[in-house]
Structures are given as C-alpha cells and as structure tokens.
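Inspection log for the structure reproduced underneath, given as structure tokens.
By convention here, the first residue in the shown sequence is residue 1.
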Amino acid sequence: MTARRLGVSAALVDGQLLPGDVEVVDDRVSRVGLPAAPGGRIAAPGYVDLQVNGFAGVDVMAADAVGVDHVSRALATHGVTAWVPTLITASTVETDRALDVLGAVLDPARPRPAGAALPLGVHLEGPFLSERRLGTHPARYRRDPDRDLVARWREKAPVVAVTLAPELPGALPLVSELHGAGVLVSLGHSDATAAQAHAGFDAGARTVTHLFNAMSPLHHRAPGLPGVALARDDVTVQLVVDGHHLEDDVVRVAWRAARGRVVLVTDATAAAGQADGSYSLAGVPVEVRGGAVRNGEGALAGSALTLDAGIRNAVALGVDPVEALVAATEAPARLLGRTDVGRLRPGGPADLVVLEDDLTVRDTVVAGEYVDRGLTVPGGAA
C-alpha cells in the first residue's frame, strides 16, 4: 500500500473548495483536508467531457481500438479522466463499423489502458436531426427517428446519450423510450418551436447539445429551443466556450440564466490539441484557422478546444472558478447518472487533476498514477 500527498492547498469536494492537501493510497483517495501545501495549487476531480468527436489527430468515427486508446491518453494530458466518444451523422455502414470498435473498447472485461481517460459510452449525435439545422452533418445521411435502428445500434455498443430534434415524426416516443432505458436524451440540431421544445423535455429529454449552435434562434416573441432550455429549471445546457461558437456576452447571459445547470463541453475534433491545418470529421474535410474548425462552406464543424482551456475561457469571462470547475466535473457526471467519475472524495477513485492557481493543468492522476503529459501522436494514429 503506497500513500502519497498531492501537494495542494485546496481541493474541490462536493462543489466547494475545501482548504488542505489530498492523500492518495494506491488507486483511491484516502483523505482530504490535510495540512495545506504551499503554492496555491488546487486538486479537482478529473474532467468529464460529454462530446468528443476526436482528439490529437484521431477521428473517432474512423478510429480503430488503438486510435480510441490514443484519444483516451491524449485527453488525460489535458486533465480529462472520463469522456464520451461522439459519432455524428454518417452512413449506416460507417456508424456500424465505429460502434463495433467502440463496443469492443467499452467491454467491461477490457483492461483500462495505463494513463488513459475512461470512455463512458457512446453519444449518437444524429442522424435524427432537422434538415434545416444540420451544421456540418451530411444531409444525405439525415433521417427521421427509427426506433429499430437505435435498438440495433444499442446492441453493438453501450449508447449513453442521443442528440435528436424533437419536432421530427416519431421523435417524442423515442425520447420517452430512451429516457426510460436510462439513456440521456439531448435536444439539438433542431428547428423546434418553443412548444415543440417543451414537448421534447416533457417526454424525457434533459439537456441541449451546444446551446445556440445548430438550433432555432432565440427571439423575444419566438424563444425556440434555446429560450425554453434557459427558462426551464429541469434542463441542463451544454456550452462550447472556445471564443468561436458563442460571443462572450452570450456566454455570460446563458451562465447567469442557467446558473447551476451548465455543463462545459468541447465538441472536440481530431484538430483538438493540434496545430492549424487540415483534418477530417467523420469523413467531412475540415480546416482549422486561428483555432476555429470549419467545413468547406465556412460553417463551424466541431472545435479544436481542450476542456482545460474551456474552463479558463469561462473564468476569463467572469464565471466563478469553482462554478467553472463544477461544470466540467460534477455536473456532467450527474447528468449521466455516474457517481464514479467527476467527484473527489475519500474512498473514491483517484482520477484527479492538479491545477496551478491560474487553472492550468500541472498533473493528471489516473487510477492513482501520474500521467505522462509529454504524449505525442504515434504513427498511424490519425
């Protein structure tokens, strides 16, 4: 049994910053609130990212198991210790192949790679989307809700989240069915009216995918999906705070309106953590310039954001640092109904991030072991 202290001055415990150091024994947190170490560093639960299409040169839709493991390791270098692989709209052949790979990776009997973030299940972002709000999703693969298709996909891999448009034919029964099965339903890529948005949430949807982006607009006489999401206390809003998806004042307004029910996500692509250049999102060519990821028509196509940067961006806009950290840890874990991630507590897993006082990542700890943050993309991983 090996005990070590993290050397921090405070720790994020149950949504509060608790003064003192943290002790880890083997792969568990043993004690919190010990005499504080100097330096002002903070220990937080490892970050949880609910929307990752790719990372560090790897596109999840096209990846094999080695590529998915690389994403898991690369995410950990940015403080993420749990993530949700996300598949956008594609052909059934491509989606089937990706789900077969992810089903094998997510097999509970498969050992977790050393120093890697834990994939929690699959997020199907499509294909049940509005043809008017597709963003970069290929229109030829969009379709109306199909319960049999979802059931077949759920047999291939554990699907933990589905994004759909509630106004489509057959959407509300599918929302109700998925909600009853414990799958998180998120409304997004939708042209829903306020009434249609309310119907979706009443049927069991509990969140929205990248608020304001690829959805009906907020108008003072037609609040659409974003207005309903912000107004309802039972809806969690997901924000991409990368300086491109949302104007600064929109972030401030959304945070104040939905305080306590915000989740930070990245919508990361293979470009995340990489230099500007050419990449692919589920077979769609994209270009990164100045940190913005765009398709050939110039529309945003995911992001190059890392979650640690998203937290710092939110704080720079005036968000309380503790609230920003909760929005990337406890809040996404709670949305998924997970109690084994996103929390720092005695007896819990030692999946943690150690932050400097400016919220830059100093160390990531996975299963009690420090992660090598000098990771590079191996040949063939892209």
Derivation of the salt bridge (Lys or Arg N to Asp or Glu O under 4.0 Å) call for Glu23 and Arg4: CA-CA 6 Å; Glu23 182 183 74; Arg4 67 180 78 174; over 6 Å; no

Working note: Asp148 + Arg152, criterion salt bridge (Lys or Arg N to Asp or Glu O under 4.0 Å); need CA distance, chi angles, decisive distance, verdict. CA-CA 6 Å; Asp148 292 338; Arg152 183 168 70 79; over 6 Å; no

Give the C-alpha distance, both sets of side-chain angles, the deciding distance and a yes or no for ring-ring contact (aromatic ring centres under 6.0 Å, His included) between Tyr47 and His78. CA-CA 9 Å; Tyr47 302 151; His78 290 273; 10.0 Å; no

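For the pair Pro127 and Tyr141, the minimum side-chain heavy-atom distance is 4.5 Å or more. Taking the side chain as every heavy atom from C-beta outward, Leu187 and Leu164 approach each other to under 4.5 Å. At least one side-chain heavy atom of Val354 sits less than 4.5 Å from a side-chain heavy atom of Val8. Side-chain contact between Pro138 and Val284: present, with at least one pair of heavy atoms (C-beta onward) separated by less than 4.5 Å. Counting heavy atoms from C-beta outward, Val160 and Val122 have side chains that stay 4.5 Å or more apart.
The only option from Val262, Asp320, Val237, Leu317 that meets the side chain to side chain contact (heavy atoms under 4.5 Å, CB included) definition with Trp255 turns out to be Val262.
Proximity of the aromatic rings of His245 and Phe212 is defined here by a centroid distance below 6.0 angstrom, and this criterion is not met.
Ion pairing of Asp249 with Arg252 is present here, as a side-chain N (NZ or NE/NH1/NH2) and a carboxylate O approach within less than 4.0 Å. Under 4.0 Å is where a charged nitrogen must lie from a carboxylate oxygen, and between Arg73 and Asp372 no such pair does. Look at Arg343 and Glu330 and you find no salt bridge, because none of the NZ, NE, NH1 or NH2 atoms lies under 4.0 Å from a carboxylate O. Classification of Arg133 and Asp191 as a salt-bridged pair holds, one side-chain N sitting under 4.0 Å from a carboxylate O. Salt bridge Asp21/Arg5: absent, no basic N to carboxylate O contact under 4.0 Å. Ion pairing between Glu356 and Arg362 holds under the 4.0 Å rule for side-chain N and carboxylate O. Between Arg112 and Asp351, at least one side-chain nitrogen of the basic residue sits less than 4.0 Å from a carboxylate oxygen of the acidic one, meeting the salt-bridge criterion.
Placement of Val162 and Leu106 within a single hydrophobic cluster is found when ILVMFWY residues are connected by side-chain heavy-atom separations under 4.5 Å, directly or transitively.
Counted by atom type alone, Glu131 and His189 present zero donor-acceptor pairs between their side chains at under 3.5 Å. Neither side chain, Gln51 nor Thr266, offers a donor N or O lying under 3.5 Å from an acceptor on the other. In this structure, a donor-acceptor pair under 3.5 Å is absent between the side chains of Thr207 and Thr236. No donor-acceptor contact under 3.5 angstrom links the side chains of Trp153 and Thr95, judged on distance only.
Interatomic distance, CG of Asp267 versus OG1 of Thr86, reported as 7.5 Å (0.5 Å rounding).
The shortest heavy-atom contact between Ala304 and Gly291 is CB-O, 3.8 Å. Across Val105 and Val68, no two heavy atoms sit closer than the pair CG1-CG1, 3.9 Å. Considering all non-hydrogen atoms of both residues, Ser186 and Val208 come closest at OG-C, 3.1 Å. The minimum heavy-atom distance linking Arg232 with Phe201 is given by the pair CZ-CB, 3.5 Å. For Val25 against Ala3, the heavy-atom pair with the smallest separation is CG2-CB, 3.8 Å. Scanning all heavy atoms of the two residues, the minimum distance from Ala11 to Leu344 falls at CB-CD1, 4.2 Å.
When the shell of 6.0 Å around CZ of Arg97 is examined, it contains more than 12 heavy atoms from other residues, nucleotides or ligands. For Arg110, the CZ atom is densely surrounded, since the number of other residues' heavy atoms within 6.0 Å is greater than 12. Within 6.0 Å of CZ on Arg259 lie no more than 12 heavy atoms contributed by other residues, nucleotides or ligands.
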